[in-house]
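Working notes, beginning with the structure itself.
Remember, it's a predicted structure, so these values are computed and weren't measured experimentally. All heavy atoms count here, side chains included; hydrogens, waters and symmetry mates do not.
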Amino acid sequence: MTKLKKIIASLLVASACLSPVVAEESSRLAELSLNLPISISNNTIGLVDIFVPELVIDLGDFADRMPNAGLIISGSVDPSVGVKVRVPYLCTIGATMGVNIYTRFQLSKDVFEFIGHGNSVEEDLDIKEGIGAFADAFVYVQGDVGLNLAGFKITATPAVFTTLYHAVSDDSYVEAFNRLDGTFGYKVNGNFDIYSPIPISQDLLTIEYYTNLDPAVWNAIGFDCGFGISKQITDMINVRGNCRVPIMPSHLTSVTGAYVTSEYETSVNEISTGEIHDGQFDYGLKETQTADYIINRPFKINAYGDFSLAGGMLLLTGGLGLGVEHPFAPNKDEMGVYYEYLLAARLNFLNMINVTASTELTDQIYRNSISAGINIRFVELNLGASLSSSTFASSFRGDGLSAFVNLTIGL
């Protein structure tokens, strides 16, 4: 045991001493990177509720533990590919191409309390609650320029983007009723406006729609730019900040209505006599019309501090940020201001193997993550997974899952 302790201590000392040296040697002059983060989450149903010896569906309990904001379901996919060239001690130049897809759905808690608990036997109940939902998809090409100037590292990331679609709910609602005469039922009315640079079809939900895009999508180009600055204050402390600023919005010239309706009504008498009938369900697209709708990618501003300990073996990071969803949107109800934060600890061994644990709020999703990476000079691979949710408390229950894969190869 004593010998093993000496070996471990020797390796730790070697890592602390060699980290700065290896870090310089591992800087690639040219590299190609592939990145695929994906996330889906809700704020009520967790893995702890599903992976149990015996699954019991208790709608009352489901409604009780739901946050006051109601059911929120969120998802995002952000694949990208990038290239970068470094001129040692001078600058970096690169380019990135990728896709941003975001979606969020929200439904009032009152609907689930009605389903889970019903109503008083002395009164009719008829509730009607709105559905809030949106979905965005952007394609972008981004430049990456970095300079070392007077002890500062300065970066600029100008980006040209186009909007594949922006979908938002309009007069959408769920209505449920339970009356004293024994009749009960529901009605769902989902109406969505889908703004786009090209006419929308039912192929929107297929892979082929995105692999064979009409070149006309680039008629809706917009422009934004990211800026970053960092400064090494001491050997142990580094501070940095970045932002993304909308400059020119994307103009969407067509709007297509989509609808989903469902309706069902029955009674205690019908059920008792076995006269159960099917409900009504319908969906489809309406005629495309001309429009002039503007949209930007989210505005972001963040500040971070990095604290390096044990010669770079342990890196602690903390940060705060602010974001604006749909900045300058024509419909001000679609705009939203939110904050972000990050706390992370990274253990780095010889700049070859690293393990990171973090907790964060990014793009209105709370994530508790663990990731690991390996860097062998020509190839770097990082993998990570997290429990996520739209609320802090439920993010520890596994109400959602996020994962990413990052592969970098170069010389």
Side-chain angles (χ1 to χ4, degrees), residues 40-46 49 57-75 102-136 166-195 255 257-268 278-286 325-326 329-338 363-366 389-395 397 399-400:
I40 183 168
S41 64
N42 75 97
N43 63 346
T44 305
I45 306 172
D49 303 314
I57 300 177
D58 186 339
L59 297 179
D61 177 66
F62 179 83
D64 290 340
R65 68 168 181 264
M66 182 177 292
N68 292 331
L71 177 65
I72 300 176
I73 301 174
S74 303
Y102 309 101
T103 183
R104 187 164 72 246
F105 171 91
Q106 184 171 5
L107 183 59
S108 170
K109 183 177 181 177
D110 291 342
V111 175
F112 298 95
E113 288 185 332
F114 165 74
I115 296 173
H117 298 296
N119 61 302
S120 172
V121 295
E122 289 85 16
E123 60 181 7
D124 289 336
L125 178 66
D126 194 334
I127 63 171
K128 182 178 179 180
E129 297 292 340
I131 298 174
F134 81 87
D136 294 334
H166 167 65
V168 60
S169 60
D170 178 34
D171 190 28
S172 298
Y173 61 85
V174 173
E175 186 174 3
F177 61 89
N178 189 3
R179 302 191 177 102
L180 295 179
D181 62 7
T183 60
F184 59 93
Y186 71 87
K187 181 178 181 180
V188 176
N189 187 42
N191 292 299
F192 302 89
D193 290 330
I194 307 176
Y195 296 90
V255 57
Y259 64 90
V260 178
T261 62
S262 180
E263 188 173 356
Y264 184 79
E265 180 176 340
T266 188
S267 68
V268 174
D278 295 331
Q280 299 178 9
F281 178 78
D282 191 21
Y283 68 96
L285 295 175
K286 302 177 183 177
E325 186 177 75
H326 301 134
N331 182 357
K332 302 307 178 184
D333 291 338
E334 294 185 39
M335 292 181 59
V337 179
Y338 56 91
D363 293 326
Q364 304 181 71
I365 298 296
Y366 293 87
S389 177
S390 54
T391 60
F392 177 75
S394 57
S395 67
R397 292 166 32 87
D399 288 6

Can you name the closest pair of heavy atoms from D193 and V255 and give their distance?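 Result for this residue pair: CB-CG2, 4.0 Å.
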Can you tell me how far apart [atom1] ([X]) and [atom2] ([Y]) are? Round to the nearest 0.5 Å.
| X | Y | atom1 | atom2 | value |
| --- | --- | --- | --- | --- |
| K109 | D64 | NZ | CG | 7.0 Å |
| Q106 | I73 | CD | CD1 | 10.5 Å |
| K128 | D110 | NZ | CG | 14.5 Å |
| Y173 | K187 | OH | NZ | 3.5 Å |

Is [Y] close to [X] at the side-chain level, that is, under 4.5 Å between some pair of heavy atoms?
| X | Y | result |
| --- | --- | --- |
| Y338 | D363 | yes |
| D399 | I45 | no |
| T261 | Q280 | no |
| F184 | T266 | yes |

Using only atom types and a distance under 3.5 Å, with no angle test, would you say the side chain of N191 pairs donor to acceptor with the backbone of S172?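 It does not hold such a pair.
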Are a donor atom and an acceptor atom from the side chains of N331 and H326 found within less than 3.5 Å of each other?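 No donor-acceptor contact under 3.5 Å links the two side chains.
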Strictly by modelled atom types, are Y186 and S262 linked by a side-chain donor-acceptor pair under 3.5 Å?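 There is such a pair (donor and acceptor under 3.5 Å, judged by atom type) between the side chains of Y186 and S262.
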Mutual orientation of the aromatic rings belonging to H166 and Y195 [parallel < 30°, tilted 30-60°, perpendicular > 60°]: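 Parallel.
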Surrounding CG of D282 (heavy atoms of other residues, nucleotides or ligands, distance under 6.0 Å), is the total greater than 12?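 Enclosed.
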Using side-chain contact (heavy atoms from CB on, under 4.5 Å) as the criterion, point out the one residue from V111, V188, N189, D126 that pairs with E175.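 That would be D126.
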